[in-house]
Amino acid sequence: MDKLTSQEKDFSTWYNNIVLRAELADYAPVKGCMVIRPYGYGIWENIQSILDKMIKSVGVQNAYFPLFIPESFIHKEKEHLAGFSPELAVVTYGGGKELEEKLIVRPTSETIINAMFSKWIQSFRDLPLLINQWANIVRWEMRTRLFLRTTEFLWQEGHTAHSTHDEASEMALTILTIYRDFMQNTLAIPVIYGTKTLSQRFAGAIETYTIEAMMGDRKALQAGTSHDLGQNFSKAFDITYQTKENKLDYVWQTSWGVSTRLIGAVVMVHGDDKGLVLPPNIAPIQVIIVPIWKGDEKGKTVKAVLSLEKRLKNNNKDSGSSLRVRVDTREEFTPGFKFNEWEMKGIPLRVEIGPRDIENSTVTIARRDEGTRMVVKSSEAVEVIIRTLNEIQKNLFLKARRFIDNNTYLVDDWKEFKHKTGFILSHWCGSAECETNIQNETNMTIRCISMDTEEEEGKCIFCGKQSKRRVVFAKAY
RNA sequence: CGGGGGGUAGCGCAGCUGGCAGCGCGCUUGGUUCGGGACCAAGAGGUCGCCGGUUCAAAUCCGGCUCCCCCGACCA
């Protein structure tokens, strides 16, 4: 097996190699599309199951809407249409005949879901209506990258309707908080969060909230969005309800989503030159046990290995959160080969049980995040493994946090601004013109107007006009 | 859409001054190994991206087409 291209040498090649060699995904026969392989899909399933519980915890229910959207629906909200029309896939034939009305393959489901909402919502008693769906969508992007931007991708999209703007706005922020917590606690990826500028707002929203993460090459990746849609869609789709006072009013709405892009983020935030590094909370395999034997020791070794596997799997079994463990008993590979292979796949912990361990009643435990090894008593193995997995989860977050901190700069000088890479906190006057000029000259965009920064008097980094707060600039994926 | 690279065994590639289609890894079988990518032996595996042309003869030369990847513009 060849060595990986290093991150340092070519981050993009490194990323592609990891995705392919860790068997997360493969290129599909259709341009811009990918096949998510079992190992990569296992990560997605873990993301789904954890995030799904969080979404449901605030009263949202799952449903499923069709892949096809009548073309006329897309035309109902004009900003939405303008934003999406360049990247739509359209079906014109079906059953051997040209269709009377073309069908759009959904690029997002606001239109078809809201068409249904207008049927379902009559009274204030029907509100709030809180719906989520796990689905695939299609956007005909010019340039694609595995997980980060593919023609078809998987995501969850939430769509809600409320009786007041305050309530809708609060919903959009509640979801933003859920996304932030999920990123940080589950994926171990620190994020900044805030609002998008007008020019980067979702097509049809009155406010777009975003969470942004920093990848290993210091570029930003938008990891999730939550939109305050105001009444734009309810007016376009005539979603009205009768108030307590017997008046007719339009509902206030939100929509929000995260996608399989998160898997790409995990790769680019935690991965290293040995391969993938997975946070234990989403790793399909948390512990890999590698038996090592010479000659006739096989029987004893396998017995010890299977016994440890059983103890790990039975731990906490009743609470449904038992450890995900696998034993690598393949005889056609040497231990050294297996070590490298499982490191490529990012397994958080490796347990080795060999002749020395058998003799001393110990096991050897190797951490993927720090590359360290320790020998512990067999009787204490389960306890140590659980504790270490927790430490790895925390350590990955702290390392990533430190990386962001070390690559975030307060910049007030234009020359300095142009030469920095990372998150740049600078003043901006608020004009779209400056935003565009800055992008043209530096390739950097405003990632978000962070909710964590205080108001502060200053001067726009580009034009020098008055500014009330710093915003976050970065080059982005 | 602009710039670059590429399509030859499952993967990575060589062969391109026409003349029996190769190498490494992987795969199969048997044996020896096993604490950081083991070794020996014997095997299996190909319409050289597609169409056409030149030639006694084309992976190789000529024309056309097509698909993929990377960098940029666009975007989650």
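Every chain is numbered from 1 and lettered A, B, ... according to where its sequence line falls, protein lines coming before strand lines.
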Tell me: [atom1] of [X] to [atom2] of [N], nearest whole Å?
{"X": "A/K31", "N": "B/rG6", "atom1": "NZ", "atom2": "P", "result": "17 Å"}
{"X": "A/E297", "N": "B/rG35", "atom1": "CD", "atom2": "P", "result": "12 Å"}
{"X": "A/W342", "N": "B/rG37", "atom1": "CH2", "atom2": "P", "result": "18 Å"}
{"X": "A/N136", "N": "B/rA76", "atom1": "CG", "atom2": "P", "result": "19 Å"}
{"X": "A/K338", "N": "B/rC34", "atom1": "NZ", "atom2": "P", "result": "13 Å"}

Under 4.0 Å, counting only non-hydrogen atoms across every strand here, what does [X] touch: a base, just sugar-phosphate, or nothing?
{"X": "A/T445", "answer": "nothing"}
{"X": "A/E141", "answer": "base"}
{"X": "A/P86", "answer": "nothing"}
{"X": "A/Q222", "answer": "sugar-phosphate"}
{"X": "A/T364", "answer": "base"}
{"X": "A/R350", "answer": "base"}
{"X": "A/L148", "answer": "base"}

Starting the side chain at C-beta, find the nucleotide from [options] nearest to [X].
{"X": "A/F153", "options": "B/rA76, B/rG36, B/rC34", "answer": "B/rA76"}
{"X": "A/F337", "options": "B/rG36, B/rG37, B/rG35", "answer": "B/rG37"}
{"X": "A/S259", "options": "B/rA76, B/rC70, B/rG36", "answer": "B/rA76"}
{"X": "A/R261", "options": "B/rG35, B/rA76, B/rC27", "answer": "B/rA76"}
{"X": "A/R149", "options": "B/rC70, B/rC75, B/rC34", "answer": "B/rC75"}
{"X": "A/D357", "options": "B/rG37, B/rC70, B/rG35", "answer": "B/rG35"}

With a cut-off of less than 4.0 Å, is there a side-chain N or O of [X] near OP1 or OP2 of [N]?
{"X": "A/N443", "N": "B/rG72", "answer": "no"}
{"X": "A/N16", "N": "B/rC70", "answer": "yes"}
{"X": "A/T334", "N": "B/rC34", "answer": "no"}
{"X": "A/Y15", "N": "B/rC69", "answer": "no"}

Would [X] and [Y] pass as an ion pair if we require N to O under 4.0 Å?
{"X": "A/K76", "Y": "A/E110", "result": "no"}
{"X": "A/R201", "Y": "A/E79", "result": "no"}
{"X": "A/E383", "Y": "A/K377", "result": "no"}
{"X": "A/D369", "Y": "A/R367", "result": "yes"}

Base partner of B/rG43, which must satisfy Watson-Crick or wobble distances under 3.5 Å:
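Check on B/rG43: paired to B/rC27, both distances under 3.5 Å.
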Centre of A/F339's six-membered ring, under 6.0 Å away, within 45 degrees of the axis: is that where NZ or CZ of A/R350 sits?
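Checked: cation-pi criterion met.
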